Amino acid sequence: MVKVIVNCNIFDYETYRENQYIRFDKEIIETGSMDNFKKKGNEEIIDFKGKLVMPGFVNGHTHIYSTFARGMAVEFNPKSFSDILKQLWWRMDSKIDLETTYYSGLVSGIEFIKNGITGIIDHHASGQAIKGTLNKLKESVTEEIGVRGVFCFETSDRFNIDECIEENTEFLKNNSEKFAGMFGLHASLSLSNETLKKVSENLNGAPIHIHVAESLEDEEDSIKKYGKRVVERLEEFNLLTDNSILSHCVHIDENEADIISNYNVYVALNPTSNMNNAIGMPNYKLLKDKNIKTIIGNDGLGFNITREYLNLYFTQKYRYEDPTFFNFDDLKNNIDNVYNLFGKMLNIKVGRIEKGYKADMISFEYAPFTPLNENNIFGHVFFGIWDNLDVVDTIIDGEFLMENRKVNFEVEKIYSEAKDVAENLWNII
């Protein structure tokens with residue numbers, strides 16, 4: 001049935017419109033002023049009573065497998081980034097199986113919906129089960145919960161390389177408007193030349209999703225072992241394929257940035273995770289000067305992507321000691337880039353409240369105490385809404401997955417079962 005949201009305001013990063021209606025099914029059919037609204041047939045009318053409607057968020061780099069790390073206690077005394085991997089993440093992901101993957105997906109999907117995230121680009125790792133894990137993620141995140149997803153498996157010399165390659169290549173064979181695949185790689189420091197050669201031979205032009213120079217150790221390891229910096233290695237093996245994601249790139253140099261700029265690839269920025277791991281801040285000025293396309297992710301650190309928007313905005317000003325650097329236009333470019341990339345991968349249009357775009361929308365109740373108009377709406381959203389995120393409705397593919405803050409799933413049952421799965425995981429780490 002066609003639905004119509006009436007009495008709403010719309011902001012989609014391009015325009016701000018007050019007193020609007022939105023007619024939609026899986027896609028947006030029509031928008032317009034309430035002054036011109038007329039009901040058609042038996043369509044369902046939903047009165048938003050002045051709520052602000054925006055496109056749903058897309059998280060450009062996340063790790064669903066990290067879901068059950070919340071509250072986990074392990075011996076943790078890292079002296080370097082590699083220690084963080086060995087003492088925490090590699091200990092955890094090596095014990096993840098299909099059941100853990102499935103419940104991580106269910107819980108994450110619900111949490112994404114609560115936070116207004118309608119699409120994700122995930123980077124998965126699970127040492128107890130490689131084959132079948134991406135379908136298990138698709139089943140839980142996309143088919144059962146309804147969040148759109150792009151998935152890949154983290155190929156690494158820690159795992160069975162042939163199984164990693166097979167899992168990625170098999171999943172890449174199928175896609176829909178709700179899911180797609182990439183070819184996952186961990187990072188240069190856990191990928192030998194033999195592995196990169198084998199991946200290159202099996203890639204068939206697919207986009208890769210890899211961590212690049214997240215820490216200085218990644219660069220130092222590459223130079224010591226191979227006499228090349230990380231991006232140079234990727235280029236050597238013809239891995240900088242169209243629409244690939246190089247996540248982090250905190251420690252790339254100018255020559256690497258020049259190389260990246262020659263390819264149609266994206267750099268995913270994850271400022272909060274970078275600060276949490278104490279490895280540095282993204283060098284946005286370098287990336288911007290080289291016309292490198294950037295998107296924003298959260299590296300699996302929680303579920304609120306707007307925290308990344310705020311932290312990137314503030315830390316870049318701090319890094320360059322310039323209060324005018326990294327403005328709302330820079331932020332909008334990053335948001336537009338992830339919508340464009342995500343849309344290309346799924347062959348759909350997302351990120352605008354316009355005819356022909358997917359009906360992936362979120363709403364907020366916002367009562368401004370200062371004047372609000374089309375010239376200052378981004379400031380209201382940034383400082384007034386994202387600073388205290390409270391999503392009221394989340395709509396994906398025209399369906400209300402959260403309505404008036406109530407998620408349409410058996411949350412208590414799912415979370416209770418997830419606790420048992422998490423406890424079993426913790427007991428074997």
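Since we're looking at a predicted model, the values are computed, not measured. The chain is numbered in sequence order, starting from 1. In what follows, every heavy atom counts, from backbone to side chain, and hydrogens, waters and symmetry copies are set aside.
- A salt bridge does not link Asp393 with Arg405: every distance from a Lys NZ or Arg NE/NH1/NH2 to an Asp or Glu carboxylate oxygen is 4.0 Å or more.
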Just do the ring-ring contact (aromatic ring centres under 6.0 Å, His included) check on Tyr284 and Tyr320 with the steps written out, would you? CA-CA 10 Å; Tyr284 187 75; Tyr320 299 107; 8.6 Å; no
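- For residues 65-108, the ring-ring contact (aromatic ring centres under 6.0 Å, His included) pairs, not counting sequence neighbours, are His63-Tyr65, Trp90-His186.
- At a threshold of 4.0 Å, the pair Asp25-Lys3 does not count as salt-bridged, since none of the basic side-chain nitrogens sits closer than that to a carboxylate oxygen.
- For Asn327, the side chain to side chain contact (heavy atoms under 4.5 Å, CB included) test picks out Asp329, Asp330, with sequence neighbours left out.
- Residues Lys285 and Gln316 are not in side-chain contact: their nearest non-hydrogen atoms beyond the backbone lie 4.5 Å or more apart.
- The ring of Phe171 has its center closer than 6.0 angstrom to the ring center of Phe179.
- Less than 6.0 angstrom separates the ring centroid of His380 from the ring centroid of Tyr366.
- Classification of the Phe400-Phe48 ring pair by plane angle, with boundaries at 30° and 60°, yields perpendicular.
- Between Glu99 and Lys136 there is no salt bridge, since no side-chain nitrogen of the basic residue lies less than 4.0 Å from a carboxylate oxygen of the acidic one.
- Applying the salt bridge (charged side-chain N to carboxylate O under 4.0 Å, His left out) criterion to Glu374, with sequence neighbours excluded, gives no partner residue.
- Applying the side-chain hydrogen bond (donor to acceptor under 3.5 Å, both in side chains) criterion to Asn276, with sequence neighbours excluded, gives no partner residue.
- Side-chain contact check for Ser192 versus Tyr226: some heavy-atom pair is nearer than 4.5 Å.
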Validation: residues 243-250 side-chain donor-acceptor distances under 3.5 Å, sequence neighbours left out:
from: Asn243; atom 1: OD1; to: Asn264; atom 2: ND2; distance (Å): 3.3
from: Asn243; atom 1: OD1; to: Lys344; atom 2: NZ; distance (Å): 3.1
from: Ser244; atom 1: OG; to: Ile208; atom 2: N; distance (Å): 2.8
from: Ser244; atom 1: OG; to: Thr241; atom 2: O; distance (Å): 2.8
from: Ser244; atom 1: OG; to: Thr241; atom 2: OG1; distance (Å): 2.9
from: Ser247; atom 1: OG; to: His61; atom 2: NE2; distance (Å): 3.3
from: Ser247; atom 1: OG; to: Asn270; atom 2: ND2; distance (Å): 3.1
from: His248; atom 1: ND1; to: Asn274; atom 2: ND2; distance (Å): 3.1
from: His248; atom 1: NE2; to: Glu214; atom 2: OE1; distance (Å): 3.4
from: His248; atom 1: NE2; to: Glu214; atom 2: OE2; distance (Å): 3.4

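- At distances below 3.5 Å, not a single donor-acceptor pair connects side-chain atoms of Ser273 with backbone N or O atoms of Asn298.
- At a threshold of 4.0 Å, the pair Lys26-Glu399 does not count as salt-bridged, since none of the basic side-chain nitrogens sits closer than that to a carboxylate oxygen.
- The side-chain heavy atoms of Ile110 and Met402, taken from C-beta on, include no pair separated by under 4.5 Å.
- Between His124 and Phe151, every side-chain heavy-atom pair lies at or beyond the 4.5 Å cut-off.
- Between Lys317 and Glu321 there is no salt bridge, since none of the side-chain N atoms of the basic residue sits less than 4.0 Å from a carboxylate O of the acidic one.
- Just one of Asp218, Ile259, Leu287, Asn283 meets the side chain to side chain contact (heavy atoms under 4.5 Å, CB included) condition when paired with Ile252; it is Leu287.
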Apply side chain to side chain donor-acceptor pair (under 3.5 Å) to Ser200 and Asn238, showing your working. CA-CA 7 Å; Ser200 181; Asn238 301 311; 4.6 Å; no
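- Minimum interatomic distance between Leu269 and Pro282 (heavy atoms only, all atoms of both residues): CD2-CB, 3.8 Å.
- A donor atom on one side chain and an acceptor atom on the other are found under 3.5 Å apart for Asn255 and Glu232.
- Salt bridge annotation for Lys224-Glu220: absent, with no cationic side-chain nitrogen under 4.0 angstrom from a carboxylate oxygen.
- The ring-ring contact (aromatic ring centres under 6.0 Å, His included) contacts involving residues 401-429 comprise nothing, where partners must be two or more places apart or lie in separate chains.
- For residues 169-185, the pairs satisfying side chain to side chain donor-acceptor pair (under 3.5 Å) are Glu170-Lys173, Glu177-Lys358, with sequence neighbours left out.
- Crowding of Asn427 atom CG: a count of heavy atoms from other residues, nucleotides or ligands under 6.0 Å exceeding 12.
- Counting heavy atoms from C-beta on, the side chains of Cys8 and Ile5 come closer than 4.5 Å.
- Take Gln87 and apply the side-chain hydrogen bond (donor to acceptor under 3.5 Å, both in side chains) test, not counting sequence neighbours, and it matches no residue.
- Aromatic pair Tyr313/Phe328: ring centres closer than 6.0 Å.
- In summary, Glu163 and Lys131 do not engage in a salt bridge, as defined by a charged side-chain N under 4.0 Å from a carboxylate O.
- Residues forming a side-chain hydrogen bond (donor to acceptor under 3.5 Å, both in side chains) with Glu354 (at least two apart in sequence, or on another chain): none.
- For Glu417 and Lys413, the salt-bridge test passes: some basic side-chain N is under 4.0 Å from an acidic carboxylate O.
- Checked against side chain to side chain contact (heavy atoms under 4.5 Å, CB included), Leu196 has the following partners two or more places apart in sequence or in another chain: Leu191, Arg233, Phe237, Leu239.
- When all heavy atoms of Arg229 and His251 are compared, the pair lying nearest together is NH2-O, 3.0 Å.
- Checked options Ile46, Ile353, Ile395; the residue passing with Ile22 is Ile353 (criterion: side chain to side chain contact (heavy atoms under 4.5 Å, CB included)).
- Salt-bridge check for Glu201 with Lys198: failed, with every basic side-chain N at 4.0 Å or more from each acidic carboxylate O.
- For the pair Phe183 and Ile165, the minimum side-chain heavy-atom distance is below 4.5 Å.
- Here the shortest heavy-atom pairing between Ser215 and Ile279 reads CB-CG2, 4.0 Å.
- Under the rule for a side-chain hydrogen bond (donor to acceptor under 3.5 Å, both in side chains), Glu410 has no partner lying at least two apart in sequence or in another chain.
- Applying the side chain to side chain donor-acceptor pair (under 3.5 Å) test to every pair with at least one member in residues 300-309, sequence neighbours left out, gives these pairs: Thr272-Glu308, Asn304-Thr306.
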